[in-house]
Protein chains: 2
Amino acid sequence: MVTIADVAATAGVGAGTVSRVLNDRPKVSPSTRARVLAAIEELEYRPNPLARGLSLGRCQTLGVVVPFFTHASAVERLRGIVAALRDSRYDLVLFNVESPVHRDEHFEALTRRDRADGLLVLSLPPPPDHLARLRAAGVPIVLVDATAPGVPCVVTDDVEGGRIATRHLLSLGHRDIAFIGDSTANGFGFTSSARREEGYGQVLRAAGIRVRRSYVRHGAHERDVAARLAGQLLRLRVRPTAVFASSDVQATGVLAAARSHGLRVPEDLSVVGFDDIEISAYAGLTTVRQPLFDSGYLGARHLLDALEGGTPIMAAEHHLPLELVVRLTTTKPRSGARG
Amino acid sequence: MVTIADVAATAGVGAGTVSRVLNDRPKVSPSTRARVLAAIEELEYRPNPLARGLSLGRCQTLGVVVPFFTHASAVERLRGIVAALRDSRYDLVLFNVESPVHRDEHFEALTRRDRADGLLVLSLPPPPDHLARLRAAGVPIVLVDATAPGVPCVVTDDVEGGRIATRHLLSLGHRDIAFIGDSTANGFGFTSSARREEGYGQVLRAAGIRVRRSYVRHGAHERDVAARLAGQLLRLRVRPTAVFASSDVQATGVLAAARSHGLRVPEDLSVVGFDDIEISAYAGLTTVRQPLFDSGYLGARHLLDALEGGTPIMAAEHHLPLELVVRLTTTKPRSGARG
DNA sequence: CGGAAGGGTGGAACCGCTTCCACCGAACCG
DNA sequence: CGGTTCGGTGGAAGCGGTTCCACCCTTCCG
């Protein structure tokens with residue numbers, strides 16, 4: 001393995017000079033620089049990132065903590081992150097989280113600059129104690145789809161998103177609108193679903209519609225679970241004419257349930273999702289679109305800027321817009337659908 | 001930042017002793033060990049992975065090179081890899097590839113033990129020159145869904161998969177069976193699709209059916225592209241009664257095309273896919289299932305064993321089984337469908 | 001009872017890089 | 001023309017670990 005000393009010897013200079021050339025520092029004469037570059041070329045020298053990292057106190061690595069990274073929305077956010085990192089010198093290290101224990105282990109490990117130079121956390125509010133330690137250790141951190149006091153984040157207005165979806169159904173004439181969202185006791189502190197539900201409730205109440213307990217169902221963020229919950233809704237005496245699911249994955253579960261109950265969508269049941277993941281266009285799903293790719297991209301750029309600019313990261317909230325995408329799963333309720 | 005020297009001072013021992021305790025080496029008396037552990041506890045000491053890596057010549061990192069990591073099949077394989085790494089000490093560094101240049105850059109960077117201790121390459125046959133350099137540098141490598149001479153790999157029999165799908169359609173009574181696969185000139189050397197096509201051709205010829213040129217279409221591995229190609233097929237004078245798509249993503253494109261041409265599936269058109277990704281069950285797609293999760297898991301385990309056992313990795317081929325999953329998109333052709 | 005053997009230990013050297021400091025020589029100034 | 005200044009450079013120190021070697025102190029054996 002060829003080292004900086006070999007290059008120095010070949011070029012007939014000192015190691016320090018080679019280092020200066022490598023890092024584009026001034027104070028190297030053009031002729032020396034050329035000689036060093038020639039030696040690097042000749043020996044096919046590549047700096048050892050570990051040694052560099054040890055010396056510099058950083059490791060050219062960005063940690064991404066992401067719960068259930070195989071979920072379509074997480075993948076799309078990751079895509080944005082990868083795109084942002086594409087032209088940087090940073091590698092992406094993936095920390096998947098599938099349980100709170102899991103999450104704590106990762107945060108534990110990442111509470112030091114030597115594991116990752118910066119942290120991108122998706123959809124997961126870091127526990128306060130970890131956050132405090134991260135701050136103390138000076139590890140820059142950006143949250144995407146989550147918030148914490150004093151931490152920069154990229155978010156959308158989930159409450160407003162809930163309002164948008166519900167207003168859409170309301171404006172079509174629906175009054176019996178159900179909601180399917182994540183378990184409130186998910187152990188991670190995910191809040192998106194609850195906030196969307198909040199918007200749903202606000203709009204209904206503003207329209208003078210009581211939010212029935214039986215119309216609001218919670219379960220794990222999975223298609224099958226959502227399908228089961230939807231099945232329960234569809235068997236109620238007063239069946240809802242529309243369902244707002246707090247994610248597209250759950251919405252497709254609702255579609256499956258409707259199908260297996262012999263109900264046509266949208267004639268018998270309108271369905272609105274949230275996210276606009278790739279499958280949604282294919283499924284013709286009406287949904288509230290949030291810019292998933294952009295959220296990852298912006299979060300990563302924000303982190304990179306802080307890292308490269310050396311400025312302490314600003315605790316700003318970056319808000320991304322939401323947009324109703326009307327496709328084929330929503331329409332007016334049939335007259336007399338009730339009862 | 002607390003270092004090994006701090007721990008040594010606190011415990012009243014030398015740095016070497018602390019290191020021995022950390023690495024569970026013998027030749028440390030129980031009492032000394034206890035004292036060191038107490039000091040570690042007290043100071044909340046965590047070894048610096050960079051320093052450790054520099055000294056040891058490895059970095060506790062596994063590189064995963066994956067083209068288009070957002071594709072559902074890649075995500076599922078990644079899930080297997082992450083699961084296998086879960087209880088190891090290795091971090092996962094993701095190298096996404098979206099162009100051959102891209103690929104070469106990554107391989108270039110990874111041709112040294114200091115970037116990753118081992119390499120997992122998905123669906124991508126490494127170019128021979130890179131392979132030679134990797135081998136020279138002693139970087140263990142395992143291929144998943146790809147092969148290269150002398151490199152261990154985890155694969156399925158794609159030719160057989162093509163046969164399975166085509167036999168299924170044939171046994172239902174179809175004779176006009178089209179194929180939609182990846183571009184042959186994809187620049188990456190992907191071969192899965194071509195091998196599935198090979199199996200398709202073998203079965204047809206064995207049944208005495210000529211493979212029509214017009215029934216075989218190639219394009220980028222995307223739903224929309226597949227939908228466009230399927231549209232071309234559906235407008236042919238002699239319309240095929242069945243389509244075998246070389247992946248489920250492409251199969252869903254075919255489904256979309258059928259829908260927009262007013263054709264019912266499976267009555268008017270049977271469709272078989274390949275992979276059995278998550279969406280396939282939802283879409284009711286008949287497909288050839290390959291164990292994606294397992295492929296990632298096994299590949300990673302294989303690599304970890306080699307890394308931890310220190311044994312030079314065996315250049316074995318690990319074959320994973322294929323299985324026909326019949327759902328709702330295939331049935332007998334309507335009599336007189338031809339013409 | 002002296003010497004060999006060997007467990008237990010401290011500390012120096014080393015991994016490959018960055019950076020600081022000392023130093024050299026040329027240019028510039030009074 | 002001697003003394004600053006400053007661009008350019010070599011080399012040592014340091015980053016935080018691991019490992020090797022030397023050494024000490026028992027223990028055991030002849």
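The basis for the numbers below is simple: all heavy atoms, side chains too, and nothing from hydrogens, waters or symmetry mates. What you are looking at is a predicted structure, and each value in this text was computed from that prediction instead of being measured.
- Backbone-only contact: A/R25 has heavy atoms under 4.0 Å from sugar-phosphate atoms and none from a base.
- Contact annotation: A/T32 side-chain N/O to D/dG8 OP1/OP2 distance is not under 4.0 Å.
- For the segment residues 42-59 of chain A, the set of residues with a heavy atom within less than 4.0 Å of an atom of DNA chain D comprises A/L54, A/S55, in numerical order.
- Ring geometry, B/H71 versus B/F68: the interplanar angle falls under 30°, so the pair is classed parallel (tilted spans 30 to 60°).
- Annotation: B/R89, atom CZ; neighbour count of heavy atoms from other residues, nucleotides and ligands within 6.0 Å does not exceed 12.
- The structure places CZ of B/R58 at 13.5 Å from CG of B/D114, a figure rounded to the nearest 0.5 Å.
- For DNA chain C, the span of nucleotides reached by chain A at under 4.0 Å from its heavy atoms goes, 5' to 3', from C/dG16 to C/dC20.
- Residues A/H102 and B/R86 bring a donor and an acceptor atom of their side chains to less than 3.5 Å of each other.
- A search for salt bridge (charged side-chain N to carboxylate O under 4.0 Å, His left out) contacts involving B/R20 returns nothing, not counting sequence neighbours.
- Within the structure, the salt bridge (charged side-chain N to carboxylate O under 4.0 Å, His left out) test picks out the following pairs touching residues 37-53 of chain B (sequence neighbours left out): A/E108-B/R46.
- Residues from residues 15-23 of chain B placing a heavy atom under 4.0 Å of any atom in DNA chain D, listed by number, are B/G16, B/S19, B/R20, B/N23.
- Considering only residues two or more places apart in sequence or on other chains, A/S73 meets the side chain to side chain donor-acceptor pair (under 3.5 Å) condition with none of them.
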